[in-house]
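Have a look at the structure below, then the notes.
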Amino acid sequence: MMKVRMIAGVAAVAAAFAGGAWADGAKMRVEAADGDVSLQGPIGLTFERMLRNHVLAEDPVYLSACFRERTETDLWQTEFWGKYMHSAVPFWSATKCEQLKARIDAGVASVISAQLPDGYIGNYRADRRSPEGGWDVWGIKYTMLGLLHYYDGTKSAEAMNACRRLCDYLIASVGPGAKRTIAQTGNYAGQPSCSCLEP
């Protein structure tokens with residue numbers, strides 16, 4: 001699915017430039033073989049720079065530190081790990097960069113190791129977890145999305161199991177029989193919290 005999206009994105013960029021010509025007369029070339037995509041020319045160079053200067057420069061283990069500290073009462077640090085995974089896994093799927101894969105694996109292992117026995121993965125202290133905490137459900141959404149992206153790229157049963165356990169925790173907290181529904185949690189009339197219905 002990610003490769004299809006990437007091809008569609010490249011096609012859209014190509015359509016924006018008449019006939020694929022760039023201002024300096026260079027041509028964009030997209031090669032596809034055996035289901036892989038190779039970007040060359042200015043787009044390929046930009047893709048490589050984004051990988052090297054941004055995706056590889058981030059440390060997902062550092063981003064996961066808040067999952068072990070669990071001292072938060074109101075903020076949203078846990079969204080960043082999931083957002084990183086949202087970009088890093090597709091980059092790895094497209095490039096098969098082993099350095100990136102090692103970083104992703106380490107980040108996922110760090111997050112899974114922080115999961116509590118009740119399934120919770122988050123940064124909120126016990127008395128402020130969902131449904132009490134302002135951005136806790138929002139962070140849970142991104143954590144589930146990050147684990148699902150990893151599962152999509154690797155078929156890791158461990159990641160899927162961690163995601164299921166976290167989802168079960170959330171349903172127990174804001175689902176049927178809970179003292180608050182998901183729409184009654186968080187900020188902005190529950191809109192950020194309700195976005196967790198995606199994962």
Side-chain angles (χ1 to χ4, degrees), residues 1-3 5-6 35-37 47-130 133 135-174 192-193 195-199:
M1 181 68 169
M2 189 51 60
K3 289 176 183 165
R5 286 183 188 154
M6 185 175 295
D36 290 330
V37 174
F47 190 82
E48 180 185 329
R49 286 176 178 162
M50 288 178 356
L51 173 64
R52 182 179 63 247
N53 297 329
H54 298 288
V55 182
L56 281 172
E58 193 58 70
D59 181 0
V61 173
Y62 170 77
L63 293 176
S64 72
C66 61
F67 292 106
R68 280 179 298 286
E69 294 162 1
R70 294 188 288 271
T71 58
E72 187 54 62
T73 61
D74 192 50
L75 298 179
W76 55 85
Q77 300 92 334
T78 51
E79 75 180 63
F80 302 120
W81 180 85
K83 287 181 174 180
Y84 174 80
M85 295 298 290
H86 187 68
S87 66
V89 173
F91 261 99
W92 171 74
S93 295
T95 64
K96 300 303 180 196
C97 173
E98 288 307 313
Q99 182 183 0
L100 178 56
K101 178 66 163 50
R103 282 181 166 270
I104 292 168
D105 289 346
V108 170
S110 179
V111 166
I112 291 174
S113 71
Q115 189 162 39
L116 295 178
D118 64 2
Y120 181 74
I121 303 174
N123 66 330
Y124 276 67
R125 71 185 194 204
D127 64 325
R128 293 290 295 161
R129 289 181 198 151
S130 57
W135 291 96
D136 195 27
V137 176
W138 172 260
I140 288 172
K141 171 190 81 170
Y142 278 108
T143 304
M144 288 192 295
L145 283 172
L147 291 167
L148 289 173
H149 278 294
Y150 186 74
Y151 174 79
D152 287 344
T154 65
K155 302 305 179 211
S156 165
E158 187 177 18
M160 180 55 78
N161 183 54
C163 187
R164 283 182 179 139
R165 291 181 58 219
L166 179 55
C167 187
D168 288 343
Y169 167 84
L170 183 61
I171 291 169
S173 301
V174 296
S193 294
S195 69
C196 84
L197 296 173
E198 179 185 355

(Q) Check whether W81 forms a cation-pi arrangement with K83 (NZ or CZ under 6.0 Å from the six-membered ring centre, at most 45° off the ring normal). (A) no

Q) Which heavy-atom pair separates V137 from C196 by the least distance, and what is that distance? A) CG1-SG, 3.8 Å

**Q.** Partner residues of E72 under the salt bridge (Lys or Arg N to Asp or Glu O under 4.0 Å) criterion, sequence neighbours left out
**A.** none

Q: Could you note down all residue pairs passing side chain to side chain donor-acceptor pair (under 3.5 Å) where residues 151-166 supplies at least one of them, sequence neighbours left out?
A: Q115-R165

Q. To the nearest 0.5 Å, how far apart are CG in N123 and OG1 in T71?
A. 7.5 Å

(Q) With ring pair (Phe, Tyr, Trp, His ring centres under 6.0 Å) as the rule and sequence neighbours excluded, what pairs involving residues 99-120 come up? (A) Y120-Y169

Q: Please list, chain by chain and in numerical order, all residues satisfying salt bridge (Lys or Arg N to Asp or Glu O under 4.0 Å) with R125, sequence neighbours excluded.
A: D127

Q) Who passes side chain to side chain contact (heavy atoms under 4.5 Å, CB included) against A65, sequence neighbours left out? A) R68, E69

Q | Set of side chain to side chain donor-acceptor pair (under 3.5 Å) partners for W138, sequence neighbours left out | A | E79

Q | Test item: Y124 side-chain N/O and D74 main-chain N/O as donor-acceptor pair under 3.5 Å | A | yes

Q: In sequence, state the C-alpha distance, the side-chain angles, and the governing distance for F91 and L56, and then conclude on side-chain contact (heavy atoms from CB on, under 4.5 Å).
A: CA-CA 10 Å; F91 261 99; L56 281 172; over 6 Å; no

Q.
Rounded at 0.5 Å granularity, tell me how far OH in Y62 sits from CZ in F80.
A. 10.5 Å

Q. Is it true that a side-chain atom of S110 and a backbone atom of G107 form a donor plus acceptor pair closer than 3.5 Å?
A. no

Sequence neighbours excluded and cut-off under 3.5 Å, please list the side-chain donor-acceptor pairs for residues 141-148, or say none.
unit_1	atom_1	unit_2	atom_2	d
K141	NZ	S195	OG	3.0
T143	OG1	G139	O	2.9

Q. With T78, which residues qualify under side chain to side chain donor-acceptor pair (under 3.5 Å), at least two apart?
A. none

Q) Say you draw a straight line from CD1 of I104 to SG of C97; how long is it, rounded to the nearest 0.5 Å? A) 8.5 Å

Q) What distance separates W92 CH2 from Q99 CD, expressed to the nearest 0.5 Å? A) 14.5 Å

Q | salt bridge (Lys or Arg N to Asp or Glu O under 4.0 Å) contacts in which one or both residues fall within residues 101-120, not counting sequence neighbours | A | K101-D105

Q) Minimum heavy-atom separation for A88 to L100, with atom names? A) O-CD2, 3.5 Å

Q | CG on L166 to CG on L116, rounded to 0.5 Å | A | 10.0 Å

Q.
Tell me which pairs pass side chain to side chain donor-acceptor pair (under 3.5 Å) where either residue lies in residues 51-60, with sequence neighbours left out.
A. E48-R52

